[in-house]
2 protein chains.
Amino acid sequence: MSSPVHSRRDLPLLDAPPVERADAARNRQALLVAARELIDSCGVDAVTMENVAARAGVGKGTVFRRFESREGLMGAILNFSETEWQAAVISGPPPLGPGAPPLDRLLAFGRSRLDTTLLHADLIRAAGTAGSRAAAAYSFSVMHVRYLLAELGVTGDLPLLATALLSPMEVLVLDHQVNLDGLSVDRIHDGWVDLARRIVAGG
Amino acid sequence: MSSPVHSRRDLPLLDAPPVERADAARNRQALLVAARELIDSCGVDAVTMENVAARAGVGKGTVFRRFESREGLMGAILNFSETEWQAAVISGPPPLGPGAPPLDRLLAFGRSRLDTTLLHADLIRAAGTAGSRAAAAYSFSVMHVRYLLAELGVTGDLPLLATALLSPMEVLVLDHQVNLDGLSVDRIHDGWVDLARRIVAGG
DNA sequence: GGCTAAACGGACCCCGGTCCGGTTTCTATT
DNA sequence: AATAGAAACCGGACCGGGGTCCGTTTAGCC
């Protein structure tokens, strides 16, 4: 059935992606680069699956095989940008990073997340479900806020309280407030700080 | 230039919709009915602009002229369902309607909004921007919560606090919690009550 | 070099959205 | 009441883009 000697590929070791073929990996890179360039030069709307494919010199089918859907592609690009931010939260300088008191960290997190969301608004919107939530970014935020709340001695259903702090930062909500209600970013931020204060003070 | 006697149509009286022609109104009705039937029998996904048009016995262009877009059509249908709910909030029996203490009303509002959102989840999602927000439904909710908060003596940026209470009820958030995180509706509700408590207690 | 599993590509389908020439409704006028 | 004219409406051909499919090619392994 099989030889007594196994090459390294024989044990999947439970790695979810069972290794990607070289050409596949090359194309994935090329596609990400092509998409990024398109976004930078012509905006998110110019990112057509056919455009991206053509620019990367591959067929349309390949884009879908690598990224599942347009949203998936956007999600992948977004993830790249967000990783940087996550690093700043995990190991950057205080007060966003570790080293400052929990409350300072929480407030810094709020401001930072607010700015980042607005900065990537187009991308997040285009990434749909794979955008703010589901993707790594969201789980990470929940985890982090939850941790800070615990650190602050807040008791209760922490995951839900974290959601309460995070959901007002959803693109949809922010978009509405900024573009339709005409609220300033500063005011929104102040509101969020107040919300955090009330939640923390609640014990 | 014009006769000294004016028929009633001569003064627009600032009515936004300058009156709809009879056939147009008839088609609008027919289209709404057709769409509703399609949703009830085959689900939201079966609501194709062409399907709806065919079932209503009109051309595709007509659907777009009446409802602007698919999202617009969904929004129109949704609005219909939501009107009922709004009536219950404004003038229904307590504690949801008037007559109960503000806190009771607020909590009843939370539960009711939660259930309603989940009930119409498909529709709200399909209505996109015209769904939970922008549409009448959203502004109404903000206004109502704001009013109840004022009644409860809460001070601060009331519109933002209202948003803080409303944004955890967005379909996107709820969907994620229920379908991905596997949270029960009751737990989400309890969490919301706790959130309301903290916000009100904050003064 | 030969074999298999995976990747490739582009033709194809479906649906949302646009457009414009023909038709219907409404009002004013006789 | 009949009619003329214009504004509004109608329909369906048309377009672009997301997503699927399958016959063909290629990378990786023996």
Side-chain angles (χ1 to χ4, degrees), chain A residues 1-12 17-31 34-35 38 42-75 126-130, chain B residues 1-12 15 17-31 34-35 38 42-75 125-130:
Chain A
M1 218 56 123
S2 67
S3 73
V5 175
H6 292 256
S7 69
R8 60 193 137 87
R9 285 285 303 287
D10 277 3
L11 334 164
V19 171
E20 195 166 62
R21 235 168 68 171
D23 52 347
R26 222 178 331 114
N27 283 338
R28 152 169 277 126
Q29 263 340 88
L31 286 167
L38 270 176
C42 312
V44 170
D45 290 341
V47 179
T48 288
M49 297 308 253
E50 265 169 342
N51 273 354
V52 175
R55 187 176 251 263
V58 303
K60 187 175 167 183
T62 301
V63 191
F64 281 93
R65 188 166 320 95
R66 278 293 86 75
F67 298 101
E68 192 74 8
S69 67
R70 190 187 129 103
E71 293 193 354
L73 173 57
M74 297 305 200
T129 308
Chain B
M1 220 50 129
S2 67
S3 74
V5 176
H6 293 256
S7 71
R8 61 196 135 88
R9 285 287 305 287
D10 276 3
L11 332 165
D15 286 346
V19 171
E20 195 166 60
R21 236 168 67 171
D23 52 346
R26 225 179 326 117
N27 283 338
R28 150 169 278 125
Q29 261 345 84
L31 286 167
L38 270 175
C42 312
V44 171
D45 290 342
V47 180
T48 288
M49 297 309 254
E50 265 169 342
N51 274 354
V52 175
R55 187 176 251 263
V58 303
K60 187 175 168 182
T62 301
V63 191
F64 282 93
R65 189 166 321 96
R66 278 293 88 75
F67 298 102
E68 192 75 9
S69 67
R70 192 186 127 104
E71 294 193 353
L73 173 58
M74 298 303 199
R125 224 176 296 124
T129 308

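The chains referred to below are lettered A, B, ... by the order of the sequence lines, with proteins before strands, and numbering in each begins at 1.
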- Taking only the side-chain nitrogens and oxygens of B:T62, find out if one of them lies under 4.0 Å from OP1 or OP2 of D:dG11. yes
- Message: Could you tell me how far apart A:E20 (CD) and D:dT26 (P) are, to the nearest whole angstrom?
- Response: 19 Å
- Heavy-atom pair of closest approach, residues A:A34 and A:V52: CB-O, 4.0 Å
- Query: Whole Å only: how far is the CZ atom of A:R26 from the C1' atom of D:dT26?
  - Reply: 10 Å
Please tabulate, for side-chain N and O atoms in residues 57-74 of chain A, each donor-acceptor pair with protein atoms closer than 3.5 Å (sequence neighbours left out).
from, atom 1, to, atom 2, distance (Å)
A:S69, OG, A:E71, N, 3.4
A:S69, OG, A:G72, N, 3.1
A:R70, NH1, A:V47, O, 2.5

Report each atom pair, protein N/O against N/O of nucleotides 3-8 of chain D, whose distance is under 3.5 angstrom.
from, atom 1, to, atom 2, distance (Å)
D:dA8, N3, B:R21, NH1, 2.9

- Task: Using a 3.5 Å limit on both pairing distances, list the dot-bracket string of DNA chain D from the 5' end; Watson-Crick and G-U wobble pairs count, crossing pairs take [ ], interstrand pairs take |.
- Result: ||||||||||||||||||||||||||||||
- Scan B:G57 against the nucleic acid and name what it touches under 4.0 Å (heavy atoms): base, sugar-phosphate only, or nothing. sugar-phosphate
- Over how many whole Å does the gap from B:L73 atom CG to C:dG17 atom C1' extend? 14 Å
Show each protein N/O and nucleotides 13-17 of chain D N/O combination with a separation under 3.5 Å, one pair to a line.
none

- Message: By nearest heavy atom, map B:S69 and A:V58 onto DNA chain C; which one lands nearer the 5' end?
- Response: A:V58
- Please give, in whole Å, the distance from D:dG18 P to A:E68 CD? 15 Å
- Rounded distance in Å - CZ (B:F64) to C1' (C:dC15): 9 Å
- Message: According to side-chain hydrogen bond (donor to acceptor under 3.5 Å, both in side chains), does anything in residues 44-57 of chain B pair up with another residue at least two apart or in another chain? List the pairs.
- Response: B:E37-B:R55
- What distance separates A:R21 CZ from A:R26 CZ, expressed to the nearest 0.5 Å? 10.0 Å
- Do A:R65 side-chain and C:dG9 base share a donor-acceptor contact under 3.5 Å? yes
- Hits for salt bridge (charged side-chain N to carboxylate O under 4.0 Å, His left out) against B:R125, two or more places apart or cross-chain, chain-then-number order -> B:D122, B:D175
- Might you point out which heavy atoms bring B:A53 and B:L31 nearest each other, and give the distance in Å? CA-CD2, 4.3 Å
- A:L31 CG to C:dA7 P, straight-line distance once rounded to whole Å: 13 Å
- Message: Please compare A:E71 and A:D23 by the position of their nearest nucleotide in DNA chain D and report the one closer to 5'.
- Response: A:E71
- Grab the CG-P distance between B:D45 and C:dG16 for me, whole Å please. 10 Å
